[in-house]
Amino acid sequence: MARRTQRQKFAGMWEFPGGKVEPKERPEAALIRELQEELGIEVDEADLRPLSFASHPYDNFHLLMPLYECTRWRGEVSGKEGQEVEWCSVAEIRRRDLPPADLPLVDAVERAAHLHAQTALSIAT
Ligand SMILES: Nc1nc2c([nH]c(=O)n2[C@H]2C[C@H](O)[C@@H](COP(=O)(O)OP(=O)(O)OP(=O)(O)O)O2)c(=O)[nH]1
C-alpha cells in the first residue's frame, strides 16, 4: 500500500499504487507506467491480472477504477515520490484509513489472498 502525500487529495490515506490513465493510453500501460514512476519496479503486462473494480461517486467526479493483481516484477519496491510504501496483510489493510472507493475492493484482495494460500498448500502437499 502507498500513503497519499500532503499535496494530494485524500492526503495521508493509504491506497493501492497506481494513477490516472492518460488520453489514448490503455489501463494496463498506465498501471505499468505508474508502478515504474511511483515504486521503481518494472512489470510485464502478462503479470497483471484484473481482480475487481471500484465504481464510486465522489462529490465532483465519478471514479471507475480497475484493480489488478501483480504477480511478478523486477526491482525493489520503494516510494519514488517521497511517499510511504508498505507491504500489508489484509487485516492490516482493513485497519488503515483508505479512500472510500477502496473499501469494497479489500474483499476482492482477501479472496485472491485465500486462493493463493490454497494454491501454496496444494503445491506443498
Ligand atoms: N491510485 C489510486 N487512486 C485512488 C485509489 N482510491 C481512490 O479513490 N483513488 C482516486 C484518487 C485520485 O482521485 C485518483 C487517482 O489519481 P492520481 O493518484 O493519479 O491523481 P492525484 O490524486 O495525484 O491527482 P489529482 O486527482 O489531484 O489530479 O483515484 C487507490 O486505491 N489508488
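We count ligands from 1, going down the list as the structure has it; atoms in each ligand are counted the same way. All figures in this text were calculated on a predicted structure; none of them were measured in a lab.
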S.K.: At a 4.0 Å threshold, what atoms of ligand 1 neighbour a non-hydrogen atom of G19?
M.R.: 1 (N), 19 (O)
S.K.: Identify, by atom number and element, the atoms of ligand 1 in contact range of G18, meaning under 4.0 Å from any of its heavy atoms.
M.R.: 1 (N)
S.K.: Among all protein heavy atoms, pick out the one at the shortest distance from atom 31 (O) of ligand 1; state its residue, atom name and that distance to 0.1 Å.
M.R.: D102 OD2, 2.5 Å
S.K.: Considering the heavy atoms of F61, write down every atom of ligand 1 situated less than 4.0 Å from one of them.
M.R.: 13 (O)
S.K.: Atom OG1 of T119 and atom NE2 of H114: how far apart are they, to the nearest 0.5 Å?
M.R.: 12.5 Å
S.K.: Give the residue and atom name of whichever protein heavy atom lies nearest to atom 4 (C) of ligand 1, and the separation in Å to one decimal.
M.R.: M65 SD, 3.6 Å
S.K.: Evaluate salt bridge (charged side-chain N to carboxylate O under 4.0 Å, His left out) for D107 paired with R94, printing each intermediate quantity in order.
M.R.: CA-CA 10 Å; D107 291 335; R94 290 196 192 282; 3.0 Å; yes
S.K.: Does any N or O of ligand 1 fall below 3.5 Å from an N or O anywhere on F16, backbone included?
M.R.: yes
S.K.: Which protein heavy atom lies closest to atom 27 (O) of ligand 1, and at what distance to 0.1 Å?
M.R.: K9 NZ, 3.9 Å
S.K.: Strictly below 4.0 Å, N to O, side chains only: are E38 and K80 in salt-bridge contact?
M.R.: no
S.K.: Given the side-chain rings of F10 and Y58, with only the six-membered ring counted for Trp, is the space between their centroids under 6.0 Å?
M.R.: yes
S.K.: How far is atom 23 (O) of ligand 1 from the closest protein heavy atom, and which atom is that?
M.R.: Q8 NE2, 2.9 Å
S.K.: Salt-bridge test for R33 and E22: reply yes if a basic N is under 4.0 Å from a carboxylate O, no otherwise.
M.R.: yes
S.K.: Out of M13, E15, R4, who gets a non-hydrogen atom closest to atom 18 (O) of ligand 1?
M.R.: R4
S.K.: Can E86 and R96 be counted as an ion pair, charged N to O under 4.0 angstrom?
M.R.: yes
S.K.: Would you call E15 and R3 a salt bridge, taking side-chain N to carboxylate O under 4.0 Å as the test?
M.R.: no
S.K.: Out of E22, E81, K20, whose heavy atom sits nearest atom 26 (O) of ligand 1?
M.R.: K20
S.K.: Would you mind finding which of L63, N60, T5 brings a heavy atom closest to atom 9 (N) of ligand 1?
M.R.: L63
S.K.: Looking at OH of Y68 and CD of E28, how far apart are the two atoms once the value is rounded to the nearest 0.5 Å?
M.R.: 3.5 Å
S.K.: Y58 versus ligand 1: do any nitrogen or oxygen atoms come within less than 3.5 Å of each other?
M.R.: yes
